[in-house]
Amino acid sequence: MPELTSVKDALGQLLSAFNRLPAENVSLARALGRVLAEGVSAPLDLPPFTNSGMDGYAVRAADTHPAPQTLTVIGDIPAGLTPELKLYPGQAARIMTGAMLPEGADAVIPIEYTDQPVFDPNQAFPHSITARQSVQPGDFIRPLGQDIRTGQAVLPAGRRLRAQDLGLLASFGFTTLKVVRRPRVALLSTGDELVEPGLPLPPGKIHNSNSVMLGALVRQFGGKVCFQSTVPDQPQAIREMFARALEQSPDLLITSAGVSVGAFDYVRDCIETDGQLTLWRVNMRPGKPLAFGSYQQIPVIGLPGNPVSAFATFQVFVVPVLHTLLGLPAESRPQVTVTLSETIESDGRETYARALVTWQDGAWHARLAEHQGSGNLLSLVRANALLIVPSGVKSLPAQAQATAWWLNADLS
Ligand SMILES: Nc1nc2c(c(=O)[nH]1)N[C@H]1C(S)=C(S)[C@@H](COP(=O)(O)OP(=O)(O)OC[C@H]3O[C@@H](n4cnc5c(N)ncnc54)[C@H](O)[C@@H]3O)O[C@H]1N2
Ligand code: MOO
Ligand SMILES: [Mg+2]
């Protein structure tokens, strides 16, 4: 049997097989979470015209000194219209928040600073107002370009778009964007014991939980499931399903189970016989039997069948692969240094323990979440982090520091 490859080396080998995918256009309405393929510079100034920051009166600031001063109101400026009036000394115009400042005005007096602190909805603007406070030029106005100048770089390539990013792009008037194409992932679950959720469970069988979990992970990290199927532990069935999966032109084929040393673990054999097996068995726990290779030139990652092992190997290997395909930094993920609340044992493999990290007395503390068996999903459900015990370390004592990867947050 070959030596176990270190997690670092295995990841290096995997990542060398992937490059960023090409760009495509998507509508802004569908761009949340997508990755910008090109940086964006502002095509216009924002705000595009100088406007009022308050409901009040546009004035010439000098006319309000010394307060109080009575000014003649010569018109009304709602938002959305170009004012046709011009202010001369001693004049004011009623103006609403967001409305264009009229010629001659250089400040706004909020309605609260006048002798008429409410607008009467049944009345046109008053003939005159008294400014009870003075204002300086520029007060309560938002000048053209205050937020953004034409040509200013606002979003870099590689930004995973958030709601506020989309808001800004919409304010430029964009309707579509160039984003990196979503990685297409084919998912294959293998196992004679698998029964799909919704069907009754005969003795000896289990529901297929990896299929749904891995599909959700693919989507969570920006990929698209282009093919999904379940096959029994039969080499011919596995080969046929590989062929069908490849018809969907995936960027990556992910299999679940059948990669260890069992008599009916055929997935690795199929990759080795019909394709190329570049890597098998990694020095990590859980997840040791991970396999990696290619099948008709398409990269294949064989995840171990135990659900926690499949999840952990997805986080360690598939997430950086998806990041690379999307043009994101491969290994960026939210993490935190924690203080252990209990001793954590390992067997010397790089361990990804399921942990509950909480904030207590000014620091992050971690303890193990439920039974750590690699078949036990409750540990992952209770956990909010994967706690890393480095390779070669058999025990981390209570109060020691360790790195934990957050599982709750959106990872990009
Ligand atoms: N003699 C040895 N036995 C095992 C070793 C070893 O080194 N020597 N490695 C163990 C480790 S570690 C793991 S992890 C598993 C990996 O096994 P496989 O990838 O070959 O997967 P299977 O044997 O097919 O299944 C393992 C386990 O996972 C359950 N499973 C499989 N698919 C699903 C699914 N879609 N949903 C839910 N659960 C699934 C399956 O029923 C088994 O319980 O091998 C160890 N053995
Ligand atoms: O590595 Mo296995 O994934 O320990 O259960
Ligand atoms: Mg097996």
Side-chain angles (χ1 to χ4, degrees), residues 1-7 10 185-199 201-218 225 227-235 237-238 241 245 253-272 277 279-293 300-318 344-354 368 370-381 386-389 391 394:
M1 250 181 218
E3 280 297 297
L4 300 185
T5 309
S6 72
V7 170
V185 179
L187 274 180
L188 206 62
S189 297
T190 68
D192 286 341
E193 73 279 33
L194 301 180
V195 167
E196 296 308 318
L199 297 176
L201 208 54
K205 306 279 189 191
I206 57 165
H207 282 125
N208 179 356
S209 59
N210 285 352
S211 207
V212 164
M213 180 181 69
L214 295 172
L217 282 168
V218 165
V225 177
F227 177 88
Q228 191 152 20
S229 192
T230 304
V231 281
D233 293 315
Q234 292 162 16
I238 294 170
M241 208 51 90
L253 176 58
I254 295 177
T255 64
S256 146
V259 288
S260 189
V261 290
F264 311 107
D265 287 340
Y266 293 118
V267 172
R268 180 175 43 85
D269 291 348
C270 285
I271 302 173
E272 198 162 22
L277 184 73
L279 176 83
W280 178 49
R281 306 207 325 148
V282 178
N283 187 33
M284 73 180 275
R285 189 178 79 143
K288 180 176 72 174
L290 180 102
F292 174 61
V300 186
I301 301 179
L303 303 181
N306 277 321
V308 179
S309 314
F311 184 93
T313 45
F314 191 102
Q315 295 287 343
V316 174
F317 297 106
V318 183
I344 296 185
E345 311 285 353
S346 173
D347 64 355
R349 284 184 279 167
E350 188 165 311
T351 297
Y352 292 80
R354 281 66 73 199
L368 294 182
E370 305 294 331
H371 190 282
Q372 296 279 308
S374 61
N376 298 345
L377 269 180
L378 186 62
S379 64
L380 271 176
V381 168
L386 286 180
L387 185 132
I388 304 171
V389 183
S391 154
K394 294 222 163 162

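Both ligands and their constituent atoms are indexed starting at 1 by order of listing.
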Mind listing the closest non-hydrogen atom pair of V308 and G373 along with its distance? CG2-O, 3.9 Å
Need the ligand 1 atom indices (1-based, order shown) with element for anything under 4.0 Å from a heavy-atom of V259. 18 (P), 19 (O), 20 (O)
Please give me the minimum heavy-atom distance between L194 and T190, naming the atom from each residue. CD1-O, 3.5 Å
One finds that the ligand 2 atoms under 4.0 Å from a non-hydrogen atom of N306 are 5 (O)
Using a 3.5 Å cut-off on N or O atoms only, is S209 in polar contact with ligand 1? yes
What residue and heavy atom of the protein are closest to atom 4 (O) of ligand 2, and at what distance? P286 CA, 3.6 Å
Short N or O distance, K288 and ligand 1, threshold 3.5 Å exclusive: yes
Closest heavy-atom pair, Y352 versus P286, reported as atoms and distance to 0.1 Å, is O-CD, 3.7 Å
With a 4.5 Å cut-off on side-chain heavy atoms, are R349 and V7 touching? no
Separation of I254 CD1 from F314 CZ (nearest 0.5 Å): 5.0 Å
Paired with K288, the side chain to side chain contact (heavy atoms under 4.5 Å, CB included) test is passed by just one of L4, T313, V282, namely L4
Could you tell me the separation between the OG1 atom of T351 and the CD1 atom of I344, rounded to the nearest 0.5 Å? 9.5 Å
Is L194 close to ligand 1, meaning an N/O of one under 3.5 Å from an N/O of the other? no
Closest approach of any protein heavy atom to atom 40 (C) of ligand 1, naming residue and atom: E193 OE2, 2.9 Å
To which of S256, P289, P286 does the heavy atom nearest atom 12 (S) of ligand 1 belong? P289
Give yes if a backbone or side-chain nitrogen or oxygen of N208 is under 3.5 Å from a nitrogen or oxygen of ligand 1, and no if not. yes
Which residue and non-hydrogen atom of the protein lie closest to atom 10 (C) of ligand 1, and at what distance in Å? S260 OG, 4.1 Å
N/O of A257 under 3.5 Å from N/O of ligand 1, yes or no? no
What residue and atom, counting heavy atoms only, is the protein's closest point to atom 23 (O) of ligand 1, and at what distance? D265 OD1, 3.5 Å
What protein heavy atom sits nearest atom 30 (N) of ligand 1, and how far off is it? G305 O, 3.4 Å
One pair to check against side chain to side chain contact (heavy atoms under 4.5 Å, CB included): F317 and M284. What are the steps and the verdict? CA-CA 11 Å; F317 297 106; M284 73 180 275; 3.5 Å; yes
Near G258 (heavy-atom distance under 4.0 Å), the atoms of ligand 1 are 18 (P), 19 (O), 20 (O), 21 (O), 22 (P), 24 (O)
Quick one: CG on N208 to OG on S256, what's the gap to the nearest 0.5 Å? 6.5 Å
At under 4.0 Å between heavy atoms, is it the side chain or the backbone of R349 that contacts ligand 2, or both, or neither? side chain
for atom 2 (C) of ligand 1, nearest protein heavy atom and its distance come out as V261 CG2, 3.4 Å
Any N or O of M284 that comes nearer than 3.5 Å to an N or O of ligand 2? no
When rounded to the nearest 0.5 Å, the distance separating CD1 of I388 from CD of E350 is 6.5 Å
Has P307 got any heavy atom lying under 4.0 angstrom from an atom of ligand 1? yes
So, for N306 and G375, which heavy atoms are closest and what is the spacing to 0.1 Å? OD1-CA, 4.2 Å
How long is the gap from CG on L188 to CG on N210, to the nearest 0.5 Å? 12.0 Å
Taking the side chain as every heavy atom from C-beta outward, state whether R285 and V389 have any atom pair closer than 4.5 Å. no
What's the shortest distance from atom 38 (N) of ligand 1 to any protein heavy atom, and which residue and atom give it? I206 CD1, 3.3 Å
Geometry only, no angles: is S374 polar-contacting ligand 2 at N/O separations under 3.5 Å? yes
Before signing off on this row, confirm whether S309 and ligand 1 have an N or O atom pair separated by under 3.5 Å. no
Can you tell me the protein heavy atom closest to atom 1 (O) of ligand 2 and the distance? G287 N, 2.5 Å
Where is the tightest heavy-atom contact between V259 and A291, given as atom of each residue plus distance? CG1-CB, 4.0 Å
Contact (N/O only, under 3.5 Å) between R281 and ligand 1: no
Enter the distance from L303:CG to L290:CG here, rounded to the nearest 0.5 Å. 6.5 Å
Distance under 4.0 Å to a non-hydrogen atom of S309: what atoms of ligand 2 satisfy this? 2 (Mo), 3 (O), 5 (O)
Which residue owns the protein heavy atom closest to atom 15 (C) of ligand 1, what's the atom, and how far is it? N306 ND2, 3.6 Å
